[in-house]
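To start, the structure itself, in structure tokens.
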Amino acid sequence: MPYDPATIEPRWQTFWEDNKTFRAVEDRTRPKYYVLDMFPYPSGAGLHVGHPEGYTATDIVARYKRMAGFSVLHPMGWDAFGLPAERAAVREEIHPAEITKRNTDNFRRQIKRLGFSYDWDREVDTSSEAYYRWTQWIFLRLHEQGLAYQAEVPVNWCPALGTVLANEEVSPDGTYKETGDPVEKRMMRQWMLRITAYADRLTDDLQDLDWPEPVKKMQRDWIGRSHGAEVQFRVDGADAEFTVFTTRPDTLFGATYCVLAPEHELVAQITTDEHRAEVVAYADRSARRSERDRRADAKEKTGVFIGAFAVNPINDEKIPVWIADYVLAGYGTGAIMAVPAHDERDHAFATAFDLPIRDVVRPAHGSAPDARQTAFLTDGVACNSGAYDGLETAVCKERIVIDLEKVGAGRARVQYALRDWLFSRQRYWGEPFPLVKTPDGTAVPLPDDVLPITLPHLTEFKPTADGRPPLARASDWLQVPHPETGEPCERETNTMPQWAGSCWYYLRFCDARNDQEAWSSENEKYWMPVDLYIGGTEHAVLHLLYARFWHKVLFDLELVSTKEPFQKLFNQGMIRAYSYKDSSGRYYHESDVERRDGKLFANGIELSGQVEKMSKSKLNVVNPDHIIDAYGADAMRLYEMFMGPLEMAKPWQTSGIEGVSRFLNRVWRLFFAESEDGDDSIHPSIQDVNADDDTTKLRHATVAAVTEDIENLRFNTAISRMMEFVNVMNQRDVRPRSVMGDFIKLLAPFAPHLGEELWHRLGHADTIAFESWPTFDPSLLQEDTVTVPVQVNGKVRARLEVSKDLEEDAVVALAREDPAVQKHLADKELRKIIYRPGRMLNLVVS
RNA sequence: GCUCACGUAGCCCAACCGGCAGAGGCAGGGCACUUAAAAUGCCCCCAGUGUGGGUUCGAAUCCCACCGUGAGCACCA
């Protein structure tokens with residue numbers, strides 16, 4: 001009977017489900033391990049091959065940790081609120097809840113086919129009342145802490161979607177990241193979360209996390225903490241002053257002009273009449289220009305002199321004031337002092353408008369570069385700075401700040417690029433805010449015991465005719481009495497953004513069925529923090545930063561016991577695929593492609609082949625269902641892990657899955673002999689005997705390598721070690737039962753269905769899921785003799801087979817006797833001997 | 001434009017702290033089994049590590065520059 005995943009796999013999936021094999025237990029007698037996937041947004045397109053990559057990795061770790069004696073929490077759920085379902089609802093005229101259910105059912109079915117060891121009893125759906133009740137509850141805690149507030153803010157308004165977007169959702173080119181629709185700036189009253197209050201901790205606490213450095217760097221850059229100073233500039237001849245922020249107070253003597261953002265509030269007041277027309281025109285133009293335009297020609301500096309002069313507080317020098325759109329209204333104070341000699345942008349601007357350039361910092365050693373040619377950006381020694389001349393940059397910064405403070409013209413200040421989080425959306429398919437508004441517009445939080453504030457059922461999801469969000473259509477729902485006074489109030493019609501639900505789902509998994517609290521503190525203390533969190537880099541900033549922010553708020557409220565939610569983070573690489581297109585850019589499906597003379601054709605047209613992101617339009621999407629149908633889930637899992645290192649981007653090659661499928665077949669045949677009558681007869685080579693020395697060594701070496709590789713998430717090399725084992729055992733006619741049993745244990749996390757089947761057929765009644773992981777004896781990994789390459793001047797000339805403890809002198813003596821070595825030593829002087837015991841010997845001759 | 005990562009056989013990828021370039025797989029070739037084919041088994045072929053410099057007794061590995069690919073960022077004072 002041949003290996004047949006189509007019968008084995010559903011059987012074991014049913015077994016696991018019926019027996020609740022993977023139920024996570026708060027077992028205080030055992031160490032815990034919490035291994036989490038970034039839960040998916042259940043899109044209508046279904047699972048693609050990228051999802052199972054991370055899921056398989058975490059599943060291998062989860063299964064391995066169970067066998068290693070840990071109590072494992074390995075859950076799955078759905079990030080189910082969100083825009084795509086709402087847009088599909090409008091398109092198909094079906095309620096978003098129904099679309100979401102359809103999609104989650106499909107995702108669940110596809111994920112279950114892969115045999116992941118999730119505790120399905122803990123499945124969560126962020127769009128269910130049982131879940132978003134607690135999202136609202138957390139919002140109330142944020143509100144209590146003064147971290148949620150309303151403000152009239154410049155927002156990213158997306159006319160096509162009829163909603164605002166967070167800065168993080170807008171691409172650099174001024175479009176919505178998800179859909180590419182254009183986005184414009186508009187002032188609106190919105191709910192904000194004061195994430196900036198946590199900026200320092202969000203930066204500082206990254207230090208102790210086991211996260212990829214690039215992700216930490218992205219978060220640090222996003223928060224953008226910079227240390228500098230505020231400096232006040234009086235406007236000459238006017239009763240006005242403005243403040244600039246600078247990271248280089250030491251260059252104050254080099255400030256030759258100031259620049260205000262065109263939107264700066266002082267502009268109208270201090271512009272002189274003769275410049276007014278020009279200034280208004282410029283400010284107008286830059287306000288109307290889209291983000292995209294402004295960025296397109298960012299290199300070309302534009303601006304206008306406004307006729308006013310500012311007084312430099314350090315030396316009373318009068319310097320001209322300009323407006324220019326390279327100074328951003330939303331960052332710092334919206335005003336800068338320009339030091340062209342030591343800032344590239346100021347230098348470009350000064351050059352364009354012929355403004356003076358004065359160098360005030362020189363390198364500590366060597367000569368100063370020509371300040372007219374290039375800005376000198378690095379630290380050095382002050383010059384042209386009066387009493388400060390000769391001071392090192394760091395010292396000079398401090399001294400100038402102290403002196404400015406004395407005269408009330410400045411102070412040290414820390415500035416962040418991070419802005420508060422815009423937390424409301426004019427959408428239907430999201431969490432309603434647990435608030436009402438009194439007639440005078442005051443927001444009143446509702447008490448905990450009325451939660452959840454359920455989303456009213458609507459049939460129309462567009463904004464109202466007067467531009468209010470869809471929830472304004474729910475007239476019955478909208479009107480409520482004030483929770484205390486009973487006066488008529490209206491509910492908030494905005495909903496929360498999609499990130500809200502994903503900010504805390506890892507906590508809900510700790511206690512997913514609790515209907516009294518969001519989670520119990522006992523469970524939270526047992527499971528948290530998440531020990532391993534795997535997902536794509538696309539969430540490096542948004543989700544991970546928001547979740548960390550909420551977690552810290554909850555920590556301060558003593559609702560969670562850890563400072564950080566995710567101890568170890570790992571990003572899987574993207575799975576891409578070959579795509580084929582002709583010279584006109586038209587794509588062809590792989591099945592239409594023929595290969596001739598090393599070239600590619602479709603219908604006689606020559607094509608180019610390249611590796612690209614999978615997408616429908618490129619006709620290169622691989623559907624996991626088809627792969628499982630053809631090869632089985634175990635082969636699919638194994639292939640995705642075998643393709644290459646988890647963190648690397650790699651191309652999908654359907655031919656590659658043939659290889660792992662053959663491997664699984666070969667494993668099967670190690671255990672079962674082919675018989676005429678199709679019986680399940682154990683292969684006669686499987687015997688209850690002690691392993692010989694070679695087999696024992698192989699067993700220990702394989703266990704050691706696979707264990708270490710799993711610990712380090714190097715699944716590709718783990719699999720190749722198992723292949724080696726199988727290739728060797730395949731040639732043996734005696735396969736000791738104990739060794740083969742250990743091999744099944746190693747294989748089981750990777751190919752769990754086959755693992756269970758083999759284990760079962762070898763006569764075990766219980767699931768393999770909790771069998772103890774094989775151990776190894778390091779002393780058996782070492783060979784008694786080693787092959788030492790002998791190099792002469794770095795080139796290998798001979799190899800010596802020696803005992804691994806042989807002394808250096810003896811090895812050298814042996815080497816010198818070797819004819820091949822002698823040839824290269826002849827009549828040369830031996831100058832140096834480098835011996836690395838057991839590794840190599842290098843003889844250096846003149 | 002800036003930052004980071006990665007370039008090893010026809011292809012996907014190994015190679016520990018700098019020490020024999022090859023573990024594994026795909027594709028290709030040969031042989032065996034077979035009436036034949038598929039499947040299977042055994043064997044074989046194939047690169048000197050993107051390019052150019054440098055450090056070192058010794059470089060795929062460290063340093064510099066360039067080229068290519070991918071990801072992220074967007075005038076953050």
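Residue numbering restarts at 1 for every chain, and letters A, B, ... go by the order of the sequence lines.
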Under 3.5 Å for both donor-acceptor distances, Watson-Crick or wobble: does [N] have a partner, and if so which one?
N	result
B/A21	none
B/G1	B/C73
B/G58	none
B/C42	B/G30
B/G52	B/C64
B/U8	none

Touch class at under 4.0 angstrom, heavy-atom based, for [X] against every strand present:
X	answer
A/R576	sugar-phosphate
A/T246	sugar-phosphate
A/Q791	base
A/K216	nothing
A/S226	sugar-phosphate

Please identify each residue that fulfils salt bridge (Lys or Arg N to Asp or Glu O under 4.0 Å) with [X], with sequence neighbours left out.
X	answer
A/D4	none
A/E230	A/R411, A/R413
A/D818	none
A/R797	none

Checklist entry - Who pairs with A/K650 by side-chain hydrogen bond (donor to acceptor under 3.5 Å, both in side chains), at least two apart in sequence or on another chain? => result A/E53
Next on the checklist: Which residues pass the side-chain hydrogen bond (donor to acceptor under 3.5 Å, both in side chains) test with A/T374, not counting sequence neighbours?
Outcome noted: none
Next on the checklist: Using O4'-C1'-N9-C4 for purines and O4'-C1'-N1-C2 for pyrimidines, with syn meaning within 90° of 0, is B/G70 syn or anti?
Outcome noted: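 Anti conformation here, the glycosidic angle of B/G70 being more than 90° from 0.
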Next on the checklist: Is B/C17 syn or anti, taking syn as a glycosidic angle within 90° of 0?
Outcome noted: syn
Taking [atom1] from [X] and [atom2] from [N], how many angstroms apart are they, rounded to a whole number?
X	N	atom1	atom2	value
A/N793	B/C57	CG	P	11 Å
A/H264	B/A77	NE2	P	17 Å
A/M614	B/G70	CE	C1'	16 Å
A/F349	B/C75	CZ	P	16 Å
A/N842	B/A59	CG	P	10 Å
A/L830	B/C57	CG	C1'	11 Å
A/Y326	B/A74	OH	P	20 Å
A/K217	B/A71	NZ	P	18 Å

For [N] versus [M], give the span between their [atom1] atoms, rounded off to a whole number of Å.
N	M	atom1	result
B/G52	B/C67	P	15 Å
B/A9	B/G24	C1'	14 Å
B/C73	B/G28	P	42 Å
B/A60	B/G48	P	13 Å
B/G1	B/A59	P	35 Å
B/G41	B/C63	P	44 Å
B/G29	B/C46	P	16 Å
B/G18	B/C66	P	25 Å

Using atom names, set out every protein N or O paired with an N or O of nucleotides 38-41 of chain B below 3.5 Å, distance rounded to 0.1 Å.
| from | atom 1 | to | atom 2 | distance (Å) |
| --- | --- | --- | --- | --- |
| B/U40 | O3' | A/R669 | NH2 | 2.9 |
| B/G41 | OP1 | A/R666 | NE | 2.7 |
| B/G41 | OP1 | A/R666 | NH2 | 3.1 |
| B/G41 | OP1 | A/R669 | NH2 | 3.3 |
| B/G41 | OP2 | A/R666 | NH2 | 3.4 |

Checklist entry - Closest to the A/W222 side chain: B/A74, B/G19, B/C75? => result B/A74
Next on the checklist: Can you identify which nucleotide, out of B/C4, B/C57, B/A71, has its nearest atom closest to the A/K613 side chain?
Outcome noted: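 The nucleotide sitting nearest to the side chain is B/A71.
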Item to check | CD1 on A/I657 to CD on A/E640, rounded to 0.5 Å | outcome: 8.0 Å
Checklist entry - Hey, what do you get for CD1 (A/I719) to CZ (A/F750), rounding to the nearest 0.5 Å? => result 5.5 Å
Checklist entry - Cationic tip of A/K301 within the cone over A/F349's six-membered ring, i.e. under 6.0 Å and within 45° of the normal? => result no
Checklist entry - Pick the nucleotide of RNA chain B nearest each of A/E658 and A/M337; which residue has the one closer to the 5' end? => result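 Between the two, 5'-proximity favours A/E658.
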Next on the checklist: If you assign A/E538 and A/I719 each to the RNA chain B nucleotide with the nearest heavy atom, which residue ends up on the more 5' nucleotide?
Outcome noted: A/I719
Checklist entry - With under 30° as parallel and over 60° as perpendicular, where do the rings of A/F242 and A/H264 fit, or are they tilted in between? => result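 Ring orientation of A/F242 relative to A/H264: perpendicular.
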Next on the checklist: Classify the ring geometry of A/Y546 against A/W421: parallel below 30°, tilted from 30° to 60°, perpendicular beyond 60°.
Outcome noted: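 Correct class here is parallel.
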Next on the checklist: For a quick test of reading the model: is some side-chain N or O of A/N727 closer than 4.0 Å to OP1 or OP2 of B/C42?
Outcome noted: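 No.
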Checklist entry - Going 5' to 3' along nucleotides 10-18 of chain B, which nucleotides have protein heavy atoms under 4.0 Å from the base (write B), which only from the sugar-phosphate (write S), and which from neither (write -)? => result -SSSS----
Item to check | Pairs meeting criterion salt bridge (Lys or Arg N to Asp or Glu O under 4.0 Å) with involvement of residues 720-729 of chain A, two or more places apart | outcome: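 Passing the test, one end in residues 720-729 of chain A: A/R721-A/E724.
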